[in-house]
Amino acid sequence: MTALEGVKVICVGQFYFAPYCTMLMARLGADVIKIESPEGDPYRRLPAVDEDGTPFQFRFLNSGKRTIRLDLKNPAGQEVLRDLVRNADVVVQNLSPGAMDRFGLGYEQLSEVNPRLIMASGTGFGSFGPYAGESAMDLTIQARTAIMSTTGFEDGVPVRTGPSVVDFMAGTHILAGVLAALFQRTRTGRGQHVEVALQDAILPSLTSNIAGLLSAGTASHERTGNRHGGMAVAPYNAYPAADGWVTVLCPTDAHWQRLRTLMNDPVADDPRFATMTGRCDHMDEVDAVVGRWTRTWAKDDLARTLKDLKIPCAPVVTLPELLEDPHVRARGVLRTVTDEKGSFVTLGSPLHLSDSPMVDPTRSGGLGEHTDAVLSEELGMSADQIAKLRDAGVI
């Protein structure tokens with residue numbers, strides 16, 4: 001059996017945050033019903049689309065879910081959601097702050113309908129604190145939490161991280177909260193409200209940077225480029241190779257001694273470089289020695305050589321290289337799926353459980369594709385009842 005077999009999840013989510021959490025739950029075997037506004041998830045309207053016109057971002061985050069078109073601003077739509085909640089285990093939502101409460105669909109109201117319900121709410125800043133209630137997106141949280149001020153090079157402008165790290169880290173955190181609440185419910189029989197804020201979820205990733213600040217008492221090296229965030233490890237950088245770039249780091253003096261022997265450069269024998277403290281005090285000179293040596297290697301050859309010496313390293317791969325990486329394909333996080341309509345690329349799951357198979361991803365549904373089936377199967381609505389809701393613009 002799958003890990004979440006029999007668990008019914010309602011996703012009132014959009015963009016990446018809540019949809020990623022519920023996508024992982026779908027891969028774990030949960031039955032996920034995605035509620036969309038009459039206009040649909042905003043990511044349905046992005047310009048980068050695959051062969052059947054579905055935006056790649058939407059497909060990556062929503063394959064394997066049943067999709068319902070439902071107007072939650074309409075009292076009749078709110079009533080439909082309450083009815084669905086009666087037999088649901090989890091609701092995950094990341095609408096604008098306070099929206100669910102304004103609709104009369106907050107945790108207090110829904111828990112009256114179903115005391116066993118676990119409701120997970122994702123917002124930018126949470127329900128308390130000076131910024132509570134403010135809207136947020138991945139980019140604005142990166143700006144607010146020093147992610148941007150610590151990304152890039154010291155003499156350059158603040159830079160956002162390439163990937164949407166905030167949304168996906170927060171989506172993983174909210175999944176952890178939901179699974180913990182499901183486990184506690186097996187003991188208490190009661191549901192509860194799970195809250196994850198984007199800002200809270202990303203802050204722990206700044207551990208090295210904050211440690212460097214607390215140690216030095218100043219943020220003079222706030223943006224460290226490819227160097228260690230706390231400027232406490234050297235060498236630690238991306239170095240030029242004959243055909244690209246390669247990352248190399250020596251987290252201990254023993255690693256440095258092995259690298260020094262391999263480089264066979266008299267400059268590397270400088271006694272100032274013998275300890276981590278000395279190397280950190282002379283980072284520019286250490287990087288120059290290492291970079292001069294790495295330029296003579298192809299990045300993959302160098303990575304293999306250093307790996308044999310147990311020196312942490314990796315070639316800097318490009319996106320096209322990543323898509324063809326045999327290990328990425330073997331692990332199944334990036335999947336090519338073939339069905340009756342053809343082939344498409346989507347996300348698998350980074351979670352692997354020894355006794356719980358993952359559910360294979362399926363093509364994401366069109367806007368409202370499963371509305372009639374869900375209302376009929378879950379709520380026992382007749383065709384006439386469904387037609388009246390459609391005529392009223394509720395579905």
Side-chain angles (χ1 to χ4, degrees), residues 147 150-156 159 161-163 165 168-169 204-209 211-212 215 221-334 350 352:
I147 297 296
T150 55
T151 302
F153 292 88
E154 193 169 3
D155 57 352
V159 179
T161 62
V165 294
F168 285 91
M169 187 171 285
S205 69
L206 290 161
T207 294
S208 292
N209 308 79
S215 174
H221 294 293
E222 191 165 17
R223 281 196 296 281
T224 61
N226 293 316
R227 286 174 168 172
H228 186 261
M231 299 293 279
V233 179
Y236 185 114
N237 215 327
Y239 299 96
D243 58 348
W245 295 83
V246 63
T247 57
V248 180
L249 60 145
C250 291
T252 69
D253 292 338
H255 288 96
W256 168 252
Q257 292 304 325
R258 293 199 293 273
L259 179 62
R260 180 185 64 80
T261 300
L262 180 63
M263 290 191 297
N264 193 27
D265 186 332
V267 179
D269 296 333
D270 190 319
R272 297 176 303 165
F273 304 159
T275 66
M276 185 68 78
T277 299
R279 292 193 298 280
C280 289
D281 287 341
H282 301 90
M283 278 190 181
D284 289 343
E285 295 168 79
V286 171
D287 281 344
V289 172
V290 177
R292 183 167 60 245
W293 176 72
T294 59
R295 286 179 186 276
T296 64
W297 289 77
K299 63 182 184 180
D300 289 333
D301 292 340
L302 178 55
R304 281 191 292 269
T305 299
L306 293 181
K307 180 179 68 174
D308 290 341
L309 293 173
K310 307 231 182 296
I311 297 172
C313 62
V316 177
V317 304
T318 64
L319 275 174
E321 289 172 336
L322 177 70
L323 295 183
E324 299 303 322
D325 187 295
H327 191 75
V328 170
R329 290 291 182 171
R331 296 289 294 176
V333 178
L334 197 62
H352 294 272

With rounding to the nearest 0.5 angstrom, report the [atom1] to [atom2] distance, [X] to [Y].
| X | Y | atom1 | atom2 | value |
| --- | --- | --- | --- | --- |
| Thr150 | Ile147 | OG1 | CD1 | 5.0 Å |
| Asp325 | Leu334 | CG | CG | 10.5 Å |
| Arg331 | His352 | CZ | NE2 | 4.0 Å |
| Phe153 | Asn226 | CZ | CG | 4.5 Å |
| Leu322 | His327 | CG | NE2 | 11.5 Å |

Under a 3.5 Å distance rule, please check whether [X] uses its side chain to pair with a backbone N or O of [Y] as donor and acceptor.
| X | Y | value |
| --- | --- | --- |
| Arg329 | Leu323 | yes |
| Arg223 | Gly156 | yes |
| Thr247 | Ala314 | yes |
| Ser215 | Ala211 | no |
| Arg279 | Ala234 | yes |

How about [X] and [Y]: do any of their side-chain heavy atoms sit closer than 4.5 Å?
| X | Y | value |
| --- | --- | --- |
| Val333 | Val328 | no |
| Met231 | Cys280 | no |
| Leu259 | Met263 | yes |
| Pro315 | Trp245 | no |
| Thr305 | Trp297 | yes |
| Leu302 | Trp293 | yes |
| Pro240 | Thr294 | yes |
| Met276 | Asp253 | yes |

**Asked** Can you name the nearest heavy-atom pair linking Met283 to Val233, along with the distance?
**Response** CE-O, 3.7 Å
**Asked** For the residue pair Phe273 and His282, what are the closest heavy atoms and their distance?
**Response** CE2-CB, 3.9 Å
**Request:** Run the salt-bridge test on Asp284 and Arg227 with the 4.0 Å N-O cut-off and return the result as yes or no.
**Result:** yes
**Complete:** So the side-chain hydrogen bond (donor to acceptor under 3.5 Å, both in side chains) pairs with at least one residue in residues 234-243 (sequence neighbours excluded) are Asn237-Asp287, Tyr239-Asp287
**Asked** Above 12 or not: heavy atoms from other molecules or residues under 6.0 Å from CZ of Arg295?
**Response** no
**Prompt:** Can you list the steps and then say if Leu306 with Leu262 is a side-chain contact (heavy atoms from CB on, under 4.5 Å)?
**Reply:** CA-CA 9 Å; Leu306 293 181; Leu262 180 63; 3.6 Å; yes
**Request:** Test Arg304 against every option in Asp300, Asp308, Asp301 by the side-chain hydrogen bond (donor to acceptor under 3.5 Å, both in side chains) rule and name the one that passes.
**Result:** Asp301
